[in-house]
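Structure, as structure tokens:
As the structure lists them, so they are numbered: ligands from 1, and atoms in each ligand from 1.
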Amino acid sequence: MTIAANVGPAWALEVANADSIAELWHQAEDCTRCDLYRNATQIVFGEGSGKAEIVLIGEQPGDQEDLTGRPFVGPAGRLLDHCLEEAGLDRQRCYVTNAVKHFKFTPRGKRRLHAKPNAGEIRRCAWWLGAELNILQPKLVVTLGASALYALLGPKAKLTPERGHILHPTNHPPVLVTIHPSYLLRIRNEADRDQQRRDFVSDLHKAAEFRPR
Ligand code: URA
């Protein structure tokens with residue numbers, strides 16, 4: 001599917017004044033574009049080679065990511081790593097980042113429960129995502145879940161009908177749409193979970209095999 005010109009959101013792919021991911025990260029450390037910085041331990045910026053041809057975008061850091069400052073190191077990250085390996089896609093070939101760079105949570109006793117970022121938080125943080133993509137100029141972007149898809153392409157692109165497809169928006173690199181690995185962690189029925197996991201690995205395999213047109 002080709003997304004028509006100007007369908008992508010105006011907030012994405014903005015130009016930032018930085019030449020490298022390290023420089024951009026440094027600028028992002030002081031980010032107050034939304035309120036999420038107030039309760040988070042630190043910013044969790046993208047991680048990976050500055051020459052990565054594939055960018056994986058998640059939703060937002062979780063508890064362990066917030067504490068370590070690194071994306072996808074908790075349960076969803078470990079599952080992602082296993083699925084990447086099964087799909088033949090080396091994480092070292094990828095740059096891994098999130099739509100939202102600060103952990104949003106609801107305190108529940110000693111625990112901090114994931115709280116979904118809202119549209120405004122995603123839009124404000126897409127400034128950084130657009131800047132990361134401008135620097136990296138990847139051949140393919142993989143959106144993991146609805147928040148990443150929204151950050152990149154806005155409200156018109158829907159996860160369920162596009163899942164497993166590679167979109168070719170005119171103003172972005174190609175986008176492979178898939179689920180978020182934490183969705184697999186929430187499926188109770190074993191047969192459903194196994195099927196969804198196979199489909200997820202198959203989606204990631206498409207990314208591993210992707211060659212630009
Ligand atoms: N979930 C995400 O979307 N990103 C992370 O970094 C960790 C969990």
Side-chain angles (χ1 to χ4, degrees), residues 12 21 24-25 28-29 31 34 36-37 39-49 52 54-85 87 89-108 111-133 136 138 140-153 157 159-160 162-163 175-187 193 196-197 200-201 203-204 207:
I21 292 293
L24 199 62
W25 183 354
E29 281 171 335
C31 183
C34 77
L36 295 183
Y37 75 95
N39 297 323
T41 307
Q42 58 192 315
I43 194 153
V44 179
F45 213 66
E47 183 178 274
S49 163
I54 299 176
V55 171
L56 305 177
I57 309 174
E59 182 188 71
Q60 63 159 345
D63 183 70
Q64 293 188 32
E65 288 79 12
D66 173 74
L67 296 174
T68 58
R70 298 184 53 212
F72 279 106
V73 293
R78 286 193 290 276
L79 179 54
L80 176 64
D81 286 346
H82 288 305
C83 292
L84 285 171
E85 201 178 324
L89 182 55
D90 187 355
R91 184 164 165 166
Q92 305 302 321
R93 259 183 77 193
C94 304
Y95 178 88
V96 181
T97 191
N98 282 301
V100 170
K101 310 286 196 253
H102 283 111
F103 180 34
K104 181 177 180 181
F105 60 92
T106 309
R108 181 76 49 82
R111 297 179 61 208
R112 303 188 299 169
L113 302 184
H114 167 276
K116 206 172 164 53
N118 62 37
E121 289 156 350
I122 294 173
R123 280 203 298 270
R124 282 168 190 268
C125 213
W127 158 262
W128 298 111
L129 182 61
E132 285 172 295
L133 295 177
L136 293 165
L140 181 71
V141 175
V142 180
T143 55
L144 304 170
S147 296
L149 184 59
Y150 178 78
L152 205 61
L153 297 181
L159 175 57
T160 305
E162 301 300 354
R163 192 251 167 103
V175 180
L176 170 63
V177 180
T178 189
I179 57 154
H180 193 285
S182 65
Y183 169 62
L184 300 176
L185 295 172
R186 293 194 301 270
I187 302 176
R193 192 171 56 242
Q196 285 293 335
R197 184 189 163 120
F200 183 50
V201 170
D203 291 345
L204 295 175

Legend entry - Closest protein heavy atom to atom 2 (C) of ligand 1, given as residue, atom name and distance to 0.1 Å: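 Atom 2 (C) of ligand 1 sits closest to the protein heavy atom Gln60 O, 2.9 Å.
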Legend entry - Protein heavy-atom partner closest to atom 4 (N) of ligand 1 - residue, atom, separation in Å: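 For this ligand atom, the closest protein heavy atom is Asn98 OD1, 2.7 Å.
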Would you indicate whether the side-chain heavy atoms of [Y] and [X] approach each other to under 4.5 Å?
| X | Y | answer |
| --- | --- | --- |
| Ile43 | Tyr37 | no |
| Pro138 | Tyr95 | no |
| Phe105 | Asn39 | yes |

Legend entry - Contact (N/O only, under 3.5 Å) between Phe72 and ligand 1: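 Phe72 vs ligand 1: N/O contact under 3.5 Å present.
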Inset, instruction - Might you point out which heavy atoms bring Ile179 and Arg163 nearest each other, and give the distance in Å? - result: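 Shortest heavy-atom contact: CG2-NH1, 3.5 Å.
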Inset, instruction - State whether a side-chain donor-acceptor pair under 3.5 Å links His114 with Gln60. - result: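 Indeed, the side chains of His114 and Gln60 share at least one donor-acceptor pair under 3.5 Å.
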Which of the atoms of ligand 1 are close to [X], meaning less than 4.0 Å from one of its heavy atoms?
| X | result |
| --- | --- |
| His180 | 1 (N), 2 (C), 3 (O) |
| Gly58 | 3 (O) |
| Glu59 | 2 (C), 3 (O) |

